[in-house]
Number of protein chains: 6
Amino acid sequence: MSRIDGRKPDQLRPIDIQRGWTKHAEGSVLVSYGDTRVLCNASVTEGVPRWRKGSGEGWVTAEYAMLPRATNTRGDREAVRGRIGGRTHEISRLIGRSLRAVIDYKALGENTIVLDCDVLQADGGTRTAAITGAYVALADAVSHLRERKLVKNGAKVLKDSVSAVSVGIIDGTPMLDLAYEEDVRAETDMNVVCTGDGRFVEVQGTAEGAPFDRAELDALLELAVAGCAELSGRQALALAADLATRK
Amino acid sequence: MSRIDGRKPDQLRPIDIQRGWTKHAEGSVLVSYGDTRVLCNASVTEGVPRWRKGSGEGWVTAEYAMLPRATNTRGDREAVRGRIGGRTHEISRLIGRSLRAVIDYKALGENTIVLDCDVLQADGGTRTAAITGAYVALADAVSHLRERKLVKNGAKVLKDSVSAVSVGIIDGTPMLDLAYEEDVRAETDMNVVCTGDGRFVEVQGTAEGAPFDRAELDALLELAVAGCAELSGRQALALAADLATRK
Amino acid sequence: MSRIDGRKPDQLRPIDIQRGWTKHAEGSVLVSYGDTRVLCNASVTEGVPRWRKGSGEGWVTAEYAMLPRATNTRGDREAVRGRIGGRTHEISRLIGRSLRAVIDYKALGENTIVLDCDVLQADGGTRTAAITGAYVALADAVSHLRERKLVKNGAKVLKDSVSAVSVGIIDGTPMLDLAYEEDVRAETDMNVVCTGDGRFVEVQGTAEGAPFDRAELDALLELAVAGCAELSGRQALALAADLATRK
Amino acid sequence: MSRIDGRKPDQLRPIDIQRGWTKHAEGSVLVSYGDTRVLCNASVTEGVPRWRKGSGEGWVTAEYAMLPRATNTRGDREAVRGRIGGRTHEISRLIGRSLRAVIDYKALGENTIVLDCDVLQADGGTRTAAITGAYVALADAVSHLRERKLVKNGAKVLKDSVSAVSVGIIDGTPMLDLAYEEDVRAETDMNVVCTGDGRFVEVQGTAEGAPFDRAELDALLELAVAGCAELSGRQALALAADLATRK
Amino acid sequence: MSRIDGRKPDQLRPIDIQRGWTKHAEGSVLVSYGDTRVLCNASVTEGVPRWRKGSGEGWVTAEYAMLPRATNTRGDREAVRGRIGGRTHEISRLIGRSLRAVIDYKALGENTIVLDCDVLQADGGTRTAAITGAYVALADAVSHLRERKLVKNGAKVLKDSVSAVSVGIIDGTPMLDLAYEEDVRAETDMNVVCTGDGRFVEVQGTAEGAPFDRAELDALLELAVAGCAELSGRQALALAADLATRK
Amino acid sequence: MSRIDGRKPDQLRPIDIQRGWTKHAEGSVLVSYGDTRVLCNASVTEGVPRWRKGSGEGWVTAEYAMLPRATNTRGDREAVRGRIGGRTHEISRLIGRSLRAVIDYKALGENTIVLDCDVLQADGGTRTAAITGAYVALADAVSHLRERKLVKNGAKVLKDSVSAVSVGIIDGTPMLDLAYEEDVRAETDMNVVCTGDGRFVEVQGTAEGAPFDRAELDALLELAVAGCAELSGRQALALAADLATRK
């Protein structure tokens, strides 16, 4: 059975990870999962929030947002409405938790890294692309800290890599990395965040139509784990390249 | 291995479901999971939000909140801060999705039911208690609609029941229905929402410490499914009783 | 002339004051005036707001709110609207002023007590019930401070008790402690806050229909003073009992 | 016993009521109680708020505010803070209720009058000056409606006049119309709103220091009634003059 | 060609500058450009905002607002809407920049002056009247600082005076100081802020209808420079008078 | 005298205009002025805001924002702060006015076009780049309306093109198109918006240091007019190319 864009059920969309995409951020990654494009900027500041001062430990947090016309129909700006919506909050929290799962706070020392994930173009899977891209920006920010001697020499700040992918069941078939049109049709939708060693950081499954049973859940988890393994490889390749584009 | 309160790892806290707890709401349930107490009020209004008008279908939504001193330390009121926090938004959305999973919108007709879940006292698992209690309040609200002939005779508005429970791994042992002190110590924390027939509506697992592997995930899912089955029985018992307390 | 619920014009509704109603708060009282039920939680914190630091004096403040479905028709949450309404502000300020009238700030020392009065079920007189219940919670919070040696031994923090009741004129007859249906029909509505020794802390009378004359005002004040005296007795009885229910 | 400014205890400050103070408003009054100056503008719009449409009845409402430097120390603008404070809300509501007490909604017909009371300079008693001035602006707005034939010929829209004054006990002596320095020192503070025929619309007494007894309350009420009678005369005089100053 | 009010194209409206208009502010000016009346209050505080502490330099800022009924149709209060509109922000920033252009921060020392410009009655040119009036209030506030020895003796805090006027092209004719009705009809509208020595601080020209060419721009600039010179003379006259009216 | 980046005083930075940059928007342009990059998306909706309904005329509006890390130091998100800052408001209004200056509302018919200008990377001149890019996106959106037959055949919706550039005086030398470092050092800063035929839509000059005289103003205007002419040529070239990149 073939998909809208001709992919096989267990196939990712074309993945692209561009580092050094903007010049000011300590880590700046434009990640694409097909037509979904998210700009992930990592900002480093020395020091930590008040509640963490004196602990010797660092902090990592994330904010997610969409440009108004990232989607097919223009959405109102949250700044204009004066409120951040529930979905935005939820995704920001998810990205932050996912990245913190691979951070060694002690090794980071009292430094803060903020990840801004702004969706420039949306076609499904924006939160998973954001996590995958944000990890790479985070890694560049950690290198920046190392170069500036703000973390101890040899300190292993990142315990592992982290990536994410969506899976879902469409017309009874489990599928990997749903595009927007697929997402709309999925009976069950799951976002899975894995570390580079294949363990789980987050598993968020939601029955959009009928509830799902254990067999379906198992099939989705397997697809997702394989997808994350592939994404983890892409992250490693991207990070292995010279950061030549940074101005 | 025994727990702080002497429970076995696979044992729920004392569960209590009181219907008719306040007099104005069409469904009003005080649910307790041990010391966690959530007041779940269902409010019925004829008609649906603008975007759903003319569809012949109803709508169900939920709002979750905590009284300032439900917790050990007083929290600021979100109304005073002028913003709803990310956690509140996220839980409100989870409760809404969970209830909508068992609603037949067509059978409900153009009626709206809002579930207000206010935590009077918190001791871990407030979102899962809220879902379990809200379902019972929802069932009473549907009965109310039926009595007032606002839904068609014989229409099966509720496709199944829905309940929820938290599970987590503490010192390597998977445990059911975590109290607050346990929740704080858990390495992995999962909230599972099941229908009465044992299928999944939501699975939300988060690694708080180390990432978790597939075997741990499987153990947690099993515990949760068993816990939900027991909660589902409690819901049925509560609903089988006369609603004598309603004034 | 008899009232909707068979009471005599100068008769209070059934009054109930339960202490130790929730486990976290230093004072926790569920007060009922008939079907009106308000949960009054007192939270103690050491220290005072910035503007009072170094004065050697304490501070007491209050916040009032209603659960959305405390009333016959569901109201929007103020946290969702992002603003506290005028009525809520006004009542919060009234409760705070009333309690501060009986506090000896010097004796309290640099400690702060916040009273949260959340209406679980409304049937008229919620602000007066809140004051009466909040006083009892405040007294328990003061005992807590005393036990923890946070106020000086023998210091008389509470100069007197304080209670409140509404009065109104319906069809020309002055009546005590109006239920919601009576309140709606009252031509004149007055809330009176008295100390245990029968003096006034607040007198707030409003002509809802025709303006009222001095004779009517005098009749209402007499009713209210008698009502407060009775409520003051109930407070003393409640506080005389062991706080056995606190967990 | 003489007062700071040499007044007798039962003497008002110099009262001034200027009509036609700005050119756009249908009623525009600058009222002074000594150094307290409030600009009261009445704005007429045909039609009523949605919830009142089709009732054949009108609506009157009020908003109160202070310029940032009306007071001795500059206050933050509420528009900048993004919230209206509790005190502002409370006073706006009081002014609105006071004016509505003398309005015959049927005679007003489906018209709305909004009273904006902006304190240009504050020296105590701003809310009472606002009520007294707003009544005069309201009367001019009603004349305007009459001239434009928007109310029926001969309809008596205003059932009576309304004015207000503060009273308080200072060093044991009841005093009329407190200036700011007196207000700060008052043990008991009361705002009284009366109709032209000497009946009460609002009585709001607050013990700032010790609670007050019935004898004190009686003395204050007498002072206030006499003060309102005098203010009522000033209003009549102001309204009897030609509105020559309106440009 | 004559104007609505009979003025010549290069003629200002009647200008009036009253100092000492309210009693609390350190500088208080009611400025009128015809029927446009703006109350400009200067508030002095010792110290500067956090970001400027220790610099030895002062700070000047401004806030602009309109009373709801300053205009022909009542506008909503920004405090009630909970947001300051774009136009308000823009004008506040313009006034602040204009005044800061003539301030010697070093000479001012670590003192802050806030200018509140509240439009009591609007008839076009409110922002330009505000700048002209605010300068005079600022000068009085500086004198106040000098009297209180808060700036060094002989320090020249004000490097020059500053005033502003609007100009526009109506039916092809450049005109000075537009009243509201003219402003509405203008094809091009320009606000010009000049120092006493005739140089520019701000030039803000906007094509309301057709774009304008260089010749039109030149004509407008000439008119504006002459208008500002006249206004600068009025400011000097006002400041030369005794501040007798301050109470 | 040469500039930081080697440019001559009257030389623009490298200008790049990419059309079809995102796939959902009816016009989508990434414009670069050197390192300043702004994504300008035009969104078309049929119909107009309520206040314009039935007029037969269309509407064009704009919103400007910066990604948090577009700048050297991360800025807070306005959505998180819950308010749009004064600078953002001011620039959004400027862009909207500039585009409306070249729109024939009648020819546009009752359609609305919203221009979202989001700064991805900032290096001075973001508002001028936004105007230049937004015009091109607007032109594409008008073509889209024409293709969908939503504007009349042959209707000339765009009366002219519009572009913008900043100019300033640095160390006494007038310079074109300031980069951020230059902008910070400029004594006078001016933003000029011109139509394709070389007339002015907006002229906004501000003295950052000393006030400027007429000769300086004239020199700046000449530079700006020449710069806009060059930008206008770039816009024409960009629009002459096939929109091949749109997916």
Side-chain angles (χ1 to χ4, degrees), chain C residues 61-64 78 81-98 100-102 104 159-162 169 187-218 220-222 224-225 228, chain D residues 61-64 78 81-98 100-102 104 159-162 169 187-218 220-222 224-225 228:
Chain C
T61 186
E63 290 183 7
Y64 166 97
E78 297 189 315
R81 269 186 285 146
R83 306 224 183 178
I84 285 193
R87 182 184 171 278
T88 298
H89 258 306
E90 199 168 320
I91 298 178
S92 293
R93 286 158 54 93
L94 171 66
I95 300 170
R97 280 199 311 272
S98 298
R100 286 192 292 270
V102 297
D104 180 332
K159 299 187 286 189
D160 199 342
S161 67
V162 66
I169 299 176
E187 294 108 47
T188 293
D189 182 17
M190 185 175 290
N191 291 297
V192 177
V193 184
C194 287
T195 48
D197 70 359
R199 285 185 298 162
F200 298 103
V201 170
E202 290 270 342
V203 173
Q204 297 198 337
T206 299
E208 302 286 348
F212 52 98
D213 62 23
R214 185 61 194 272
E216 289 166 319
L217 176 54
D218 287 349
L220 288 173
L221 287 169
E222 250 158 79
V225 167
C228 282
Chain D
T61 186
E63 289 183 9
Y64 165 97
E78 297 189 316
R81 269 187 285 146
R83 306 222 183 179
I84 284 192
R87 182 184 170 277
T88 298
H89 258 306
E90 198 167 320
I91 298 178
S92 294
R93 287 159 53 94
L94 170 66
I95 300 170
R97 281 200 310 271
S98 298
R100 287 193 291 271
V102 296
D104 180 333
K159 297 185 287 188
D160 201 341
S161 67
V162 66
I169 299 177
E187 295 109 47
T188 292
D189 183 17
M190 186 174 289
N191 291 297
V192 177
V193 184
C194 286
T195 48
D197 70 359
R199 285 185 298 161
F200 299 102
V201 170
E202 289 271 342
V203 173
Q204 297 198 337
T206 299
E208 302 287 347
F212 52 97
D213 62 23
R214 185 60 193 273
E216 290 167 318
L217 176 54
D218 288 349
L220 288 173
L221 288 169
E222 251 157 79
V225 167
C228 282

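Chain naming here is simple, since letters A, B, ... match the order of the sequence lines and numbering starts at 1 in each. What you see is a predicted model; the values in this text were computed from it and never measured.
Each of Gly205(C), Ala210(C), Ala101(C) has some count of heavy-atom pairs under 4.5 Å with chain D, and the biggest count is that of Gly205(C). Chain C forms the most heavy-atom pairs under 4.5 Å with one residue out of Leu217(D), Asp213(D), Thr206(D), and that residue is Thr206(D).
Only the side chain of Thr195(D) comes within contact range of chain C, with at least one heavy atom under 4.5 Å from a heavy atom of that chain. With a 4.5 Å cut-off on non-hydrogen atoms, Asp197(C) does not touch chain D at all. For a residue to count as touching a neighbouring chain, one of its non-hydrogen atoms must lie under 4.5 Å from one of that chain's; by this rule Arg100(C) does not touch chain D. For Leu94(D), no part lies near chain C; criterion is any non-hydrogen pair under 4.5 Å.
We find the CE-CZ distance between Met190(C) and Phe200(D) to be 9.0 Å, quoted to the nearest 0.5 Å. Here the CD1 atom belonging to Ile84(D) is positioned 13.0 Å from the CD1 atom belonging to Ile84(C), to the nearest 0.5 angstrom.
A 4.5 Å side-chain heavy-atom check between Gln204(D) and Val203(C) finds every atom pair outside the cut-off.
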For Glu90(D) and Arg93(C): C-alpha separation, side-chain torsions, deciding distance, then whether side chain to side chain contact (heavy atoms under 4.5 Å, CB included) applies. CA-CA 10 Å; Glu90(D) 198 167 320; Arg93(C) 286 158 54 93; 2.7 Å; yes
Side chain to side chain contact (heavy atoms under 4.5 Å, CB included), that's the test. Do His89(D) and Arg87(C) meet it? Break it down for me. CA-CA 8 Å; His89(D) 258 306; Arg87(C) 182 184 171 278; over 6 Å; no
Before giving the answer on side chain to side chain contact (heavy atoms under 4.5 Å, CB included), spell out for Asp218(D) and Arg214(C) the whole-Å C-alpha distance, their side-chain angles and the decisive distance to 0.1 Å. CA-CA 10 Å; Asp218(D) 288 349; Arg214(C) 185 61 194 272; 2.7 Å; yes
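When atom types are taken as modelled, the side chain of Arg199(D) and the backbone of Pro211(C) share a donor-acceptor pair closer than 3.5 angstrom.
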